[in-house]
J.: 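Before anything else, here's the structure in question.
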Amino acid sequence: MVHGKVYLVGAGPGDPKLLTVKAVEVIKMANVLIYDRLGVSDDVLNMAPVEAERIFVGKRTGLHEVPQDQITHLIIQKAKEGGVVVRLKGGDPFVFGRGGEEVEALVVNGISFEVIPGISSSIAAPMYAGIPLTHRDYAASVAIITGHRAGDAEKHVDWVKIAHAVDTMVILMGVESLEGIVDKLLTGGISPNRSVAMVESGTLPQQRTIIATLGTIIAKSRENNLKPPAVIIIGEVTTLGRKLAWFKQPLH
Ligand code: SAH
């Protein structure tokens with residue numbers, strides 16, 4: 001039996017126009033689309049043929065996320081049925097998207113696949129807020145870090161060490177643990193004056209940005225009721241957001 005092919009596709013940060021040409025090409029050929037919520041809008045899903053099967057595996061309000069092994073199992077099962085299976089992921093599949101885990105399973109099961117990069121929110125959300133991650137005057141290094149409450153299986157993050165070592169820190173999945181992160185940095189001796197920005201729903205019409213400092217970010221994010229998905233950026237480059245912000249919300 002000939003197995004199908006799996007395309008692990010980055011859907012970009014939110015704006016469907018930020019898909020790659022290659023992503024659009026494979027979505028148009030899809031027999032099955034397996035997608036999460038983040039970064040995958042209806043506009044993207046509608047690019048697939050009407051008869052394509054669409055399977056949502058993200059988090060629905062009030063319900064739990066589909067466990068990763070079930071998702072992996074589903075991808076493999078669909079690939080074994082044949083055809084083109086498109087696994088769509090927000091941003092880039094290999095930036096905190098568990099793309100690596102899914103590819104490992106495909107390799108073990110002898111299923112052919114391709115990975116198509118996507119524009120990561122870690123880069124696009126700051127950019128849409130006028131924040132360049134590097135700048136000749138302010139930042140020569142960047143770290144992309146998960147702020148997710150570390151489970152047993154996850155690698156430990158040494159926040160203070162990173163804060164000393166790199167100029168720009170970009171934190172994904174960090175809204176819920178913001179207080180813990182800020183607390184670790186401040187008690188670890190990082191200055192409360194270090195600049196911080198948060199970009200909520202980057203590249204989407206409802207995008208919002210706040211610019212603060214380590215000392216004020218918690219109050220300011222509460223005041224503005226900032227919610228996920230959001231990227232947190234720490235470092236001097238965030239101050240540029242005040243003068244370089246360029247993204248204009250489309251009129252309703
Ligand atoms: N693979 C994805 C990241 C997955 S982790 C990528 O490369 O973008 C999910 C996290 O991404 C969210 O918790 C949030 O921190 C960030 N994120 C995704 N979409 C976003 C958006 N439009 N604006 C701001 N942050 C976003």
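Ligands are counted one by one from 1 in listed order, and the atoms in each one are counted from 1 as well. Just so you know, residue 1 is the first one in the sequence shown, and it goes up from there.
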J.: Indicate yes or no: does an N/O atom of Asp92 lie under 3.5 Å from an N/O atom of ligand 1?
T.: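 Yes.
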
J.: Listed by chain and number, what are the salt bridge (charged side-chain N to carboxylate O under 4.0 Å, His left out) partners of Glu179, not counting sequence neighbours?
T.: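 Once residues adjacent in sequence are excluded, the partners of Glu179 under the salt bridge (charged side-chain N to carboxylate O under 4.0 Å, His left out) criterion are Arg222.
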
J.: Any salt bridge between Arg87 and Asp36, counting N to O under 4.0 Å?
T.: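 Yes, charged N to carboxylate O under 4.0 Å.
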
J.: Please state which part of Ser201 comes within less than 4.0 Å of ligand 1, counting heavy atoms only: side chain, backbone, both or neither.
T.: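 Contact part for Ser201 vs ligand 1: backbone (N, CA, C, O).
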
J.: Could you tell me whether some N/O pair between Met173 and ligand 1 is separated by less than 3.5 angstrom?
T.: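 N/O-N/O distance below 3.5 Å exists for this pair.
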
J.: Checking Gln68 against Thr72: is there a side-chain donor and acceptor pair closer than 3.5 Å?
T.: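 Yes, Gln68 and Thr72 have a side-chain donor paired with an acceptor closer than 3.5 Å.
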
J.: Mind checking whether Val142 and Asp167 have side chains closer than 4.5 Å, heavy atoms only?
T.: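 When only atoms from C-beta onward are counted, Asp167 and Val142 do not touch, as no gap falls below 4.5 Å.
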
J.: Does ligand 1 have a heavy atom under 4.0 Å from the side chain of Pro228, from its backbone, from both, or from neither?
T.: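 Under 4.0 Å from ligand 1, Pro228 contributes no heavy atoms.
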
J.: When you measure from atom 16 (C) of ligand 1 to each heavy atom in Ser121, Ser122, Gly14, which option holds the nearest one?
T.: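 Ranked by closest heavy atom to atom 16 (C) of ligand 1, first place is Ser121.
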
J.: Please check if the distance between the ring centroids of Tyr35 and Phe56 is under 6.0 Å.
T.: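 Between Phe56 and Tyr35, which both carry aromatic rings, the centre distance is below 6.0 Å.
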
J.: So, is Leu204 polar-close to ligand 1, with some N/O to N/O distance under 3.5 Å?
T.: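 No; the residue has no nitrogen or oxygen that sits under 3.5 Å from a nitrogen or oxygen of the ligand.
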
J.: Need the ligand 1 atom indices (1-based, order shown) with element for anything under 4.0 Å from a heavy-atom of Val231.
T.: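 Listed by number with element, the hits are 24 (C), 25 (N).
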
J.: Is Gly90 in polar range of ligand 1, meaning some N or O pair under 3.5 Å apart?
T.: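 Between Gly90 and ligand 1 (N or O atoms, distance only) the closest approach is under 3.5 Å.
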
J.: Please report whether ligand 1 has a polar contact with Val199, defined as an N or O pair separated by less than 3.5 Å (distance criterion only).
T.: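 Between Val199 and ligand 1, no N or O pair is found under 3.5 Å apart.
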
J.: Looking at Lys220 and Glu223, is there a salt bridge between them, counting it only when a charged N and a carboxylate O are closer than 4.0 Å?
T.: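 Salt bridge: no.
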
J.: Taking 4.0 angstrom as the limit, do Glu102 and Lys89 come out as a salt bridge?
T.: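 Here Glu102 pairs with Lys89 in a salt bridge, since their nearest N and O are under 4.0 Å apart.
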
J.: Using a 4.0 Å heavy-atom threshold (strictly under), name the region of Val175 that reaches ligand 1: side chain, backbone, both or neither.
T.: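 Answer for Val175: neither.
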
J.: Only distances under 3.5 Å count here; give the side-chain donor-acceptor pairs of residues 118-125 to other protein atoms, sequence neighbours excluded, each with its distance to 0.1 Å.
T.:
| residue | atom | partner | partner atom | Å |
| --- | --- | --- | --- | --- |
| Ser120 | OG | Ser122 | N | 3.1 |
| Ser120 | OG | Ser122 | OG | 2.6 |

J.: Where's the contact between Ser120 and ligand 1, heavy-atom distance under 4.0 Å: side chain, backbone, both or neither?
T.: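 Looking at Ser120 and ligand 1, atoms from backbone and side chain both fall under 4.0 Å.
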
J.: Is there at least one pair of N or O atoms, one from Pro93 and one from ligand 1, spaced under 3.5 Å apart?
T.: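 No; the residue has no nitrogen or oxygen that sits under 3.5 Å from a nitrogen or oxygen of the ligand.
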
J.: Would you say Ile34 and Val86 make side-chain contact, with heavy atoms under 4.5 Å?
T.: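 No, their side chains stay 4.5 Å or more apart.
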
J.: Examine Glu200 against ligand 1 and note whether any of their N/O atoms are separated by less than 3.5 Å.
T.: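 N/O-N/O distance below 3.5 Å does not exist for this pair.
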
J.: Judging by distance only, is a nitrogen or oxygen of Phe96 under 3.5 angstrom from one on ligand 1?
T.: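 No, no N or O pair falls under 3.5 Å.
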
